[in-house]
Amino acid sequence: MAYWLIKSEPSKYSWEQFVKDKKTFWDGVRNYAARNNLRAMKKGDQLFYYHSNEGTEIVGIAEVVKEAYQDPTTDDTNWVVVDVKPVKKLKKPVSLAQIKGDKRLADMALVKLSRLSVQPVTTGEWITVLEMADMQ
DNA sequence: GCCAACGTTGGC
DNA sequence: GCCAACGTTGGC
């Protein structure tokens, strides 16, 4: 099983909305690196849900329920979506500032490739973030 | 609202 | 195929 991080602007699609919907397809990815990550996702993979622009923190955990398929919002076959569902909210959100301040997370894509909207997370990073969220 | 970083486009 | 110009993302 792999770990990932997906970003969303709360003003466009917040964690709260995601929980209300119970499931969504992750659309709007128009970047090849992010697209490749979507394609690499397997059912059951876990994802951090990150709020960009407002909050700038990891707020919850989601799970892949359906692997990549043609993006239903476009005819362009370059683009895919995955289905994801919320798993649980973090007890304490982990902010970008906290992540930047922890040297164990200095290599996180969130820090190094800040504009990538779908990024891989290593097992070590996953565990560290969960610790910071008071979830261990 | 500004601006840095980075991806993409298009001229040559 | 290089690289400048441009557009977009996202932190502050």
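Lettering of chains follows the sequences in order, A, B, ..., and the numbering in each one begins at 1. The structure displayed is predicted, hence computed values, not measured ones.
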Problem set entry | Option passing side-chain contact (heavy atoms from CB on, under 4.5 Å) with A/Phe25 (candidates A/Val82, A/Thr73, A/Val65) | A/Thr73
Problem set entry | Interatomic distance where NZ belongs to A/Lys112 and C1' belongs to C/dG11 [whole Å] | 18 Å
Exercise. Above 12 or not: heavy atoms from other molecules or residues under 6.0 Å from CG of A/Asp75?
Worked result: no
For this session: Let me know the distance between NZ of A/Lys7 and C1' of C/dG10, rounded to the nearest Å.
Result: 7 Å
Seminar exercise, completed: Result for 5'-nearest mapping on DNA chain C, choosing between A/Ala97 and A/Lys12, is A/Lys12
For this session: By nearest nucleotide on DNA chain C, pick out whichever of A/Arg115 and A/Asn53 is the more 5' one.
Result: A/Arg115
Exercise. Expressed in angstrom and rounded to an integer, what is the separation of A/Ile58 atom CD1 from C/dG11 atom P?
Worked result: 11 Å
Exercise. If we ignore angles and hydrogens, is there a donor and acceptor under 3.5 Å between the side chains of A/Asp21 and A/Gln17?
Worked result: yes
Exercise. Tell me: NE2 of A/His51 to P of C/dT9, nearest whole Å?
Worked result: 17 Å
For this session: State which of C/dG10, B/dC6, B/dG7 makes the closest approach to the side chain of A/Asn31.
Result: B/dG7
Problem set entry | Atom-to-atom span, CD1 of A/Ile99 to C1' of C/dG11 - whole angstrom | 13 Å
Exercise. How long is the line joining OH of A/Tyr13 and C1' of C/dG10, in whole Å?
Worked result: 21 Å
Exercise. What orientation do A/Trp26 and A/Tyr49 show, parallel under 30°, tilted 30 to 60°, or perpendicular over 60°?
Worked result: perpendicular
For this session: Select base, sugar-phosphate, or nothing to describe what A/Leu113 touches, counting heavy atoms under 4.0 Å on all strands.
Result: nothing
Problem set entry | Nearest-Å distance for atom pair CG/C1', residues A/Leu96 and C/dT9 | 14 Å
Problem set entry | Separation of atom CD in A/Glu54 from atom C1' in C/dC12, rounded to whole Å | 14 Å
Seminar exercise, completed: Side-chain contact check for A/Tyr50: nearest option of B/dC6, C/dG10, C/dG11 is C/dG11
